[in-house]
Amino acid sequence: MTEKTLRSSILIVRILPLLLVALLSNTAVQAHLPLAMGSGVPANSSGTALAEWVYTLQKDDSVQQLATQLLAPPHNAQQLLKHNSLNNALLPVTGEQVRIPMDWLKRQSQPARATSVSGLVQLLTSNGQRRPLTVNTLIRAGDELLSGSGNTTVTLAEGSEIRLSPHSRLAFNRMTQFGKPGMMDTRLRLNRGEVFTNVKEVVSGGSRFEIETPSATAAVDGTQFAIQANDGGTSLQVINGEVHFGQQGHSVDVPAGYGAHITAQPGGDVRLYKLAPPPIVANLPAILRKLPAELQWQSLAKTHKLDIFNTGSGRWVDSRTLAGDRFDISRLNNGRYEIQLAALDYQGIAGLPAVVPFNVDLQARAAKLLEPVDGTTTTNQPEFSWGLNGNSEIAQIQISATPQFENLVATSEWAQQSEAQLSQQLSPGQYYWRVKTEAGGDSTTTSNVHSLIIDGSLPPVKIISVNYLDQQVRIFWESVETATKYRLQLSADPDFYPIIKEADIPGTSAGLRLIPGKRYFVRLKALSDGPLASRWGPAREIYID
């Protein structure tokens with residue numbers, strides 16, 4: 001064995017029952033990975049033993065059906081019969097086994113998908129492009145993930161999950177499906193950093209899940225484990241299942257509840273150690289309707305690692321190292337979560353985690369408006385204050401020119417405070433204000449409504465255009481933001497004495513019927529619901545021939 005071979009370490013996760021998802025939902029399978037010479041297994045032309053999948057026929061199965069669904073051209077049912085020393089006159093029946101060479105199986109690439117991304121994670125594609133990783137991005141064979149300060153959860157085609165920690169680099173070398181969903185050959189390379197895996201155990205066999213690191217190999221059977229790779233070597237922690245771990249020729253079985261370490265030097269032995277037991281966590285309500293909520297635990301360790309996952313989306317919400325025996329759960333949106341809390345040893349290696357599932361169900365409650373009081377007349381940049389009545393709420397001031405709040409004139413930033421000023425000044429006029437509160441990201445409500453008058457005068461109204469049609473004239477003017485109506489005056493005198501016609505109009509246009517050959521003058525002013533009004537705007541002369 002060359003030194004190069006020894007230094008190339010492969011974390012091989014062979015999901016021993018994962019070679020085939022049954023043709024029917026309850027198909028029983030049995031599988032074999034590559035077998036040694038002399039085992040009675042047929043050899044290929046080079047004399048190498050063939051890797052085979054052994055399938056147990058179920059009711060209504062047939063060799064032809066197997067060949068159609070699983071074999072790649074040019075292989076066919078007749079070759080399959082010959083390989084099993086059978087013929088058309090002697091077909092296998094329900095309960096009998098059929099051997100299928102792995103090399104005969106259909107193969108197709110199956111991309112993985114990023115199901116959650118927090119912080120900075122980059123995708124380096126096989127063609128050299130680099131771009132930020134986003135949720136639902138497909139990750140294909142040949143791609144790499146580089147996590148800076150961020151982390152990501154990736155779901156493989158057969159359902160296994162990979163969680164990549166910050167400051168890690170992971171390459172997806174191969175993601176191949178053989179014939180049926182769940183029959184996968186997945187090979188990854190962890191160049192540095194840390195990966196948490198939850199390898200899905202399915203009723204199938206023969207698939208391979210492989211992670212390559214600079215210093216170790218392993219094999220698991222549908223399990224949960226964490227692995228770290230750095231210049232000093234590779235460390236492994238087994239949460240569930242069993243992992244076959246070590247360098248080529250120097251590997252051991254690591255059971256659940258144990259960790260292992262191997263140095264980067266070739267030929268090194270695996271050092272096994274028992275993982276720290278999970279902390280004893282005090283009862284936490286299954287549904288949190290108030291945040292923050294305190295999580296408490298008992299443990300002999302001085303430091304602990306705490307991770308929070310959103311089990312609905314798979315998002316890795318938080319990860320931190322804590323000193324002490326308590327933590328405030330806060331700033332979570334409504335949803336289903338899971339806390340994993342593990343003791344850290346003197347080397348910073350996490351032990352077995354205590355798993356704490358819980359739901360967050362926060363409900364927003366209407367705020368109580370304090371200042372300005374209803375009907376106040378004030379300056380153009382008033383200060384607003386209110387009282388919050390819910391838990392973990394954020395609030396926003398909303399200003400409208402109408403009590404129905406069809407259109408918002410101004411808002412404040414969302415904040416946890418109970419007082420604020422608007423970032424922009426309000427023009428003089430009548431306004432209405434309320435506070436919108438939000439809790440849990442999806443529960444909102446609004447307070448009652450107060451009126452507010454900004455002191456001053458409304459801006460004057462300017463006539464935009466005058467249209468003539470026979471003896472009628474239609475006048476159009478600019479709208480004023482806080483005006484509720486406009487007063488129009490018509491006179492034959494430019495000084496508007498006497499007034500021929502005066503009317504209050506809710507819109508921004510009006511039609512007049514005039515006497516031909518006579519000159520008229522028209523002007524407008526803006527009115528509000530309150531006491532404020534504008535000056536008269538400039539007069540406009542109108543004339544009909």
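All values below were derived from every heavy atom in this structure, side-chain atoms included, with hydrogens, water molecules and symmetry-related copies excluded. When a residue number appears, it is its place in the shown sequence, counting from 1.
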Problem - side chain to side chain donor-acceptor pair (under 3.5 Å) assessment of Asn391 paired with Glu393 - result: CA-CA 5 Å; Asn391 293 292; Glu393 291 181 322; over 6 Å; no

Handout entry: Asp307 CG to Phe196 CZ distance, which is reported to the nearest 0.5 Å
Key = 5.5 Å

Handout entry: Test side chain to side chain contact (heavy atoms under 4.5 Å, CB included) applied to Val435 and Leu369, step by step
Key = CA-CA 8 Å; Val435 171; Leu369 303 187; 3.6 Å; yes

Exercise for the section: Write down the atom of Trp414, the atom of Lys436, and the distance for their closest heavy-atom approach. Expected result: CZ3-O, 3.4 Å

Practice task
Could you check if a side-chain atom of Thr186 sits within less than 4.5 angstrom of a side-chain atom of Leu156, using non-hydrogen atoms only?
Solution key: yes

Side-chain polar contacts of residues 116-124 - donor-acceptor pairs under 3.5 angstrom, sequence neighbours left out - could you list them?
from, atom 1, to, atom 2, distance (Å)
Ser116, OG, Thr153, OG1, 3.3
Ser116, OG, Gly314, O, 3.3
Ser118, OG, Trp316, O, 3.3
Gln122, OE1, Arg130, NH1, 3.2

Exercise for the section: Evaluate the side-chain proximity of Tyr432 to Leu452: yes if any heavy-atom separation is below 4.5 Å, no if none is. Expected result: no

Practice task
Before accepting this row, confirm whether a basic side-chain N of the pair Arg169/Glu144 lies closer than 4.0 Å to the acidic partner's carboxylate O.
Solution key: yes

Problem - Over 12 foreign heavy atoms within 6.0 Å of CG, Leu138 - result: yes

Exercise for the section: Flag yes if more than 12 heavy atoms outside Arg331 fall under 6.0 Å of its CZ atom; otherwise flag no. Expected result: no

Handout entry: Atom CD of Glu383 with >12 non-hydrogen neighbours under 6.0 angstrom
Key = no

Handout entry: Pairwise side-chain contact, Val355 with Ile339, heavy-atom cut-off 4.5 Å (strictly under)
Key = no

Exercise for the section: Examine distances only and state if a side-chain atom of Ser168 and a backbone atom of Ser165 form a donor-acceptor pair shorter than 3.5 Å. Expected result: yes

Problem - Nearest non-hydrogen partners of Asn173 and Ala141, listed with the distance - result: O-CB, 4.0 Å

Exercise for the section: Determine the interplanar angle of the His304 and Trp297 rings, folded into 0 to 90°, and report it as parallel if under 30°, tilted if 30 to 60°, perpendicular if over 60°. Expected result: perpendicular

Exercise for the section: Check for a donor-acceptor pair, side chain of Thr155 on one end and backbone N or O of Glu161 on the other, with a separation under 3.5 Å. Expected result: no

Problem - Donor-acceptor pair, side chain of Ser400 and main chain of Asn407, under 3.5 angstrom - result: yes

Problem - Side-chain (Thr484) to main-chain (Pro506) donor-acceptor, under 3.5 angstrom - result: no

Fill in the blank from the handout: CG (Leu362) and CD1 (Ile287) are apart, to the nearest 0.5 Å, by 11.5 Å

Practice task
Would you confirm whether Ser443, through its side chain, and Ala364, through its main-chain N or O, come within 3.5 Å as a donor-acceptor pair?
Solution key: yes

Practice task
Give a yes or no on this: more than 12 heavy atoms of other residues, nucleotides or ligands lie within 6.0 Å of atom CD of Glu294.
Solution key: yes

Practice task
Work out which heavy atom in Ala260 is nearest to a heavy atom in Val270; give both atom names and the distance.
Solution key: CB-CG1, 3.6 Å

Problem - Spatial distance of atom CD (Glu371) from atom CH2 (Trp433) [nearest 0.5 Å] - result: 8.0 Å

Practice task
Could you tell me the separation between the OG1 atom of Thr197 and the CD1 atom of Ile227, rounded to the nearest 0.5 Å?
Solution key: 8.5 Å

Problem - Neighbour count >12 (heavy atoms, 6.0 Å) for atom CG, Asn283 - result: no

Practice task
With side chain to side chain contact (heavy atoms under 4.5 Å, CB included) as the test, would you mind laying out the steps for Ser299 and Asp325 before giving the verdict?
Solution key: CA-CA 8 Å; Ser299 172; Asp325 58 2; over 6 Å; no

Problem - Lys/Arg N to Asp/Glu carboxylate O, Lys462 vs Glu478, below 4.0 Å - result: no

Problem - Spacing of CD1 belonging to Ile397 relative to CZ belonging to Arg434, to within rounding of 0.5 Å - result: 13.0 Å

Problem - N/O donor-acceptor pair under 3.5 Å between Asn389 side chain and Ala366 backbone - result: yes

Handout entry: Donor-acceptor pair between Gln228 and Gln237 side chains, under 3.5 angstrom
Key = yes

Practice task
Examine distances only and state if a side-chain atom of Arg192 and a backbone atom of Asn230 form a donor-acceptor pair shorter than 3.5 Å.
Solution key: no

Exercise for the section: Would you mind telling me which of Leu145, Leu170, Leu164 makes a side-chain contact (heavy atoms from CB on, under 4.5 Å) with Val154? Expected result: Leu145

Handout entry: Residue pair Ser479, Glu481: steps toward the side chain to side chain donor-acceptor pair (under 3.5 Å) verdict
Key = CA-CA 6 Å; Ser479 64; Glu481 188 174 61; over 6 Å; no

Handout entry: Tyr486 side-chain N/O to Val480 backbone N/O, donor-acceptor pair under 3.5 Å
Key = yes

Problem - Flag side-chain contact, heavy atom, 4.5 Å: Leu352 against Ile239 - result: yes

Exercise for the section: Would you check if there is a donor-acceptor pair between the side chains of Asn127 and Thr125 at a distance under 3.5 Å? Expected result: yes

Problem - Heavy-atom side-chain proximity of Leu388 to Thr437 below 4.5 angstrom - result: yes

Handout entry: Worked verdict on Phe358 versus Leu288 for side chain to side chain contact (heavy atoms under 4.5 Å, CB included)
Key = CA-CA 7 Å; Phe358 64 96; Leu288 300 182; 3.7 Å; yes

Exercise for the section: Over all heavy atoms of both residues, which pair between Asp504 and Lys485 is shortest? Give the atoms and the distance, please. Expected result: OD2-NZ, 4.0 Å

Handout entry: Member of Asp318, Val356, Leu332, Thr311 meeting the side-chain contact (heavy atoms from CB on, under 4.5 Å) criterion with Tyr337
Key = Leu332

Problem - Shortest non-hydrogen contact from His244 toward Asp253 - result: ND1-OD1, 2.6 Å

Practice task
Return yes when atom CD of Gln298 has more than 12 non-hydrogen atoms of other residues, nucleotides or ligands closer than 6.0 Å, and no otherwise.
Solution key: no

Which donor-acceptor pairs under 3.5 Å do the side chains of residues 416-425 make with protein atoms, sequence neighbours left out?
from, atom 1, to, atom 2, distance (Å)
Gln425, OE1, Asn380, ND2, 3.2

Problem - Pair Lys305-Ser319, side-chain donor/acceptor within less than 3.5 Å - result: yes

Exercise for the section: Taking Ser215 for its side chain and Ala264 for its backbone only, find out whether a donor-acceptor pair lies under 3.5 Å. Expected result: no

Handout entry: Pro372 and Phe384, any side-chain heavy atoms less than 4.5 Å apart
Key = yes

Exercise for the section: State, with a plain yes or no, whether a side-chain heavy atom of Thr115 is found less than 4.5 Å away from one of Val135. Expected result: no

Problem - CZ/Phe172: more than 12 non-hydrogen atoms of other groups inside 6.0 Å - result: yes

Exercise for the section: Verify the distance criterion only: is there a donor paired with an acceptor across the side chains of Thr377 and Asp455 at less than 3.5 Å? Expected result: no

Practice task
For atom CG of Asp231, decide whether the heavy atoms of other residues, nucleotides or ligands shown that lie under 6.0 angstrom number more than 12.
Solution key: no

Practice task
Taking the side chain as every heavy atom from C-beta outward, state whether Leu322 and Thr303 have any atom pair closer than 4.5 Å.
Solution key: no

Exercise for the section: Measure the CZ-CD distance between Arg163 and Gln224 for me, rounded to the nearest 0.5 Å. Expected result: 8.0 Å

Exercise for the section: Could you pull out the closest heavy-atom pair between Ser392 and Pro292, with the gap in Å? Expected result: OG-N, 4.1 Å

Practice task
Determine yes or no for a side-chain-to-main-chain donor-acceptor pair under 3.5 angstrom, with Ser451 supplying the side chain and Gly375 the backbone.
Solution key: yes

